[in-house]
Amino acid sequence: MLDLKLIRKNFEYVKERLKTRGEEYARLVEEVYNLDKKKREIQKEVENLRALLNKKSKEYGRLKREGKEDPSLKEELASLKKQLAQLEEELKQLEEKLKDLLLRIPNIPHPSVPVGEDENDNVEIRRWGNPPKFDFEPLPHWEIGKKLGILDFDRAAKLSGSRFVVKKGLGARLVRALINFMLDRHTARGYEEVYVPHLVKPEILIGTGQLPKFEEDLFKCERDNLYLIPTAEVPLTNLHREEILKEEDLPIYYTAYTPCYRREAGSYGRDIKGLIRLHQFDKVELVKIVKPEDSYEELEKLVRDAEEILQALELPYRVVELCTGDLGFSAAKTYDLEVWMPSYNRYREISSCSNCEDFQARRMKLRYKTKDGKNVLCHTLNGSGLAVGRTLAAILENFQQKDGSVVIPDALRPYMGGLEVIKPPEGE
RNA sequence: GGAGGGGUGGCCGAGCGGACGAAGGCGCGGCGCUGGAAACGCCGUGUGCCCGAUUUACGGGCACCGAGGGUUCGAAUCCCUCCCCCUCCGCCA
């Protein structure tokens with residue numbers, strides 16, 4: 001949520017900055033600006049009227065206790081009350097409308113973010129590692145997985161429909177290994193491991209920005225008014241919502257493994273094969289709650305922490321800075337990590353690291369008290385560290401061998417009971 | 001699912017329909033006492049929003065005692081609905 005005061009004070013600036021995300025937001029900001037103006041006028045009236053009513057009501061009570069009841073005063077009070085009720089209703093409607101609009105305006109991109117329309121305008125920052133060269137025709141991961149007997153999309157469809165997967169044997173083991181490996185790495189670097197609920201209330205999703213605008217992307221348990229989390233960012237970032245933290249509590253670093261549930265509405269036909277786009281996938285997430293002045297330094301560190309996993313797994317990747325048009329709703333600045341995928345012959349997103357500044361903090365009233373006693377909104381950051389399914393896909397594709405086997409990266413072997421290679425079943 | 005108890009400020013905890021943003025205690029900050037400290041004494045210490053002069057510091061107002069509604073001139077206090085927590089019983093991984 002944007003600061004209303006900022007919209008009031010720097011209306012043109014906000015409008016211009018949001019335009020870099022898409023033309024439609026300028027109109028929204030204008031609407032908010034006008035509504036806010038009107039709202040404050042009415043609020044002033046309401047508060048003045050209520051002050052008067054409070055005063056007269058006390059007067060009436062005083063007289064009554066003295067046995068000098070005044071019927072004309074009582075009448076006056078009744079008419080004031082009626083007037084007030086009308087104005088209050090008007091105010092309430094304005095406030096609701098205003099709040100709803102405000103919740104639908106995305107974050108302002110940081111000045112350093114390149115202006116652009118879509119992913120084609122993203123800027124590559126650096127590369128690490130070299131894509132492998134094969135002296136045979138490399139297979140896509142879903143075929144490798146099928147041949148190894150570790151991925152089963154057909155039976156998953158039997159259970160749950162499209163965009164689900166069943167992992168078996170060493171496939172299931174590999175998932176567990178990756179999760180443990182990632183969590184161990186992150187906790188060693190100062191993140192506290194957290195295990196969170198996977199079902200959350202609507203206001204929690206408003207807090208991180210998924211609601212009200214992206215309802216159709218979420219799985220909802222209607223009966224209980226709970227949503228399945230689309231990422232651990234949601235419960236992790238909201239952990240301290242409506243709290244006023246002590247300055248010495250910051251920074252807070254959290255990491256959590258959770259499954260993530262996404263309806264993938266509007267992505268029909270995209271990435272229909274393989275592990276890239278599923279309704280349910282596993283992810284280890286990183287979340288930071290920090291002081292505003294530190295947040296951009298923390299973002300760089302966060303990216304390094306995610307990169308470290310890819311490096312340890314010897315997976316070639318590049319770091320990309322998202323342009324204004326490709327930026328997520330809550331983010332002020334985002335780096336994507338893209339891993340090399342031989343079957344696509346290009347890099348594909350495997351992590352997204354964002355600084356949301358105070359955008360989420362304002363929505364969830366997440367603050368800290370400074371040394372001189374002021375309450376200040378925290379800055380929140382989040383990043384994948386990493387998407388487990390896509391990591392698995394990248395390992396299968398990048399480490400595949402001519403004979404159909406897949407070499408397990410060194411760093412992962414201790415988590416696989418020392419296993420070095422996954423080989424196809426005998427006799428195939 | 002059944003029966004009962006409860007949600008008040010950073011925490012504990014009191015609260016008769018007006019004098020209650022709320023006693024008291026703890027904690028925290030300042031000052032005093034002290035060679036220094038403990039103990040003690042005094043003072044201060046919630047959040048959000050609006051308006052006004054102003055660079056902040058200031059002054060005024062409104063709201064907030066789990067949430068929403070109602071009764072009343074007036075609600076933390078009475079009534080209704082909902083949510084959450086706790087205890088016991090049942091069921092259950």
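Each chain gets a letter, A, B and so on, in the order its sequence line appears, and its residues count up from 1. These numbers come from the heavy atoms of this one structure, side chains and all, not from hydrogens, waters or symmetry mates.
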Which part of the nucleic acid does [X] contact within heavy-atom distance under 4.0 Å: base, sugar-phosphate only, or nothing?
X        : result
A/Arg8   : sugar-phosphate
A/Lys56  : nothing
A/Asn48  : nothing
A/Lys58  : nothing
A/Lys201 : nothing

In whole angstrom, give the distance that lies between atom [atom1] of [X] and atom [atom2] of [N].
X        : N      : atom1 : atom2 : answer
A/Glu247 : B/rC28 : CD    : P     : 18 Å
A/Glu45  : B/rC49 : CD    : C1'   : 17 Å
A/Arg362 : B/rC49 : CZ    : C1'   : 14 Å
A/Arg367 : B/rG10 : CZ    : C1'   : 13 Å
A/Gln43  : B/rA63 : CD    : C1'   : 9 Å
A/Glu243 : B/rC11 : CD    : C1'   : 14 Å
A/Asp224 : B/rC83 : CG    : C1'   : 13 Å
A/Ile244 : B/rG9  : CD1   : C1'   : 11 Å

Between [X] and [N], does any side-chain N or O lie under 4.0 Å from OP1 or OP2?
X        : N      : result
A/Arg62  : B/rC73 : no
A/Asn54  : B/rC62 : yes
A/Lys44  : B/rC50 : no
A/Arg40  : B/rC51 : yes
A/Lys246 : B/rC28 : no
A/Lys81  : B/rG74 : yes

When you compare [N] with [M], how far apart are their [atom1] atoms, in angstrom units rounded to a whole number?
N      : M      : atom1 : answer
B/rC83 : B/rG24 : C1'   : 31 Å
B/rC26 : B/rC80 : C1'   : 37 Å
B/rG21 : B/rC16 : P     : 15 Å
B/rG46 : B/rC11 : P     : 14 Å
B/rA22 : B/rC65 : P     : 14 Å
B/rC12 : B/rU71 : C1'   : 33 Å
B/rU72 : B/rU56 : C1'   : 44 Å
B/rU8  : B/rG60 : P     : 31 Å

With a 3.5 Å limit on both atom pairs, tell me what [N] is paired to, counting Watson-Crick and G-U wobble, or say none.
N      : answer
B/rA76 : none
B/rC88 : B/rG2
B/rC28 : B/rG44
B/rC49 : B/rG61
B/rA19 : none
B/rA67 : B/rU81
B/rA37 : none

Starting from the 5' end of RNA chain B, give me the residue, A/Asp36 or A/Leu52, whose nearest nucleotide shows up first.
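Of the two residues, A/Asp36 wins.
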Judged by each residue's nearest nucleotide on RNA chain B, which is more toward the 5′ side, A/Lys374 or A/Tyr60?
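The residue closer to the strand's 5' end, by nearest nucleotide, is A/Lys374.
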The side chain of [X] lies closest to which of these nucleotides: [options]?
X       : options                : result
A/Leu77 : B/rC73, B/rG61, B/rG48 : B/rC73
A/Ala51 : B/rU47, B/rG61, B/rG69 : B/rG61
A/Lys64 : B/rC62, B/rC73, B/rG46 : B/rC73

[X] bridged to [Y] by N-O distance under 4.0 Å:
X        : Y        : answer
A/Asp36  : A/Arg40  : yes
A/Lys220 : A/Glu222 : yes
A/Asp154 : A/Lys158 : no
A/Lys92  : A/Glu95  : no
A/Asp271 : A/Arg348 : yes

Minimum-distance pair of heavy atoms, taken over all atoms of A/Arg263 and A/Glu216:
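Closest approach of A/Arg263 to A/Glu216, heavy atoms only: NH1-O, 2.6 Å.
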What orientation do A/Phe181 and A/Tyr415 show, parallel under 30°, tilted 30 to 60°, or perpendicular over 60°?
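Ring orientation, 0 to 90° scale: perpendicular.
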Set out, in order, the CA-CA distance, both residues' side-chain angles and the distance that settles salt bridge (Lys or Arg N to Asp or Glu O under 4.0 Å) for A/Lys146 and A/Glu143, then state yes or no.
CA-CA 5 Å; A/Lys146 199 172 174 181; A/Glu143 282 180 27; over 6 Å; no
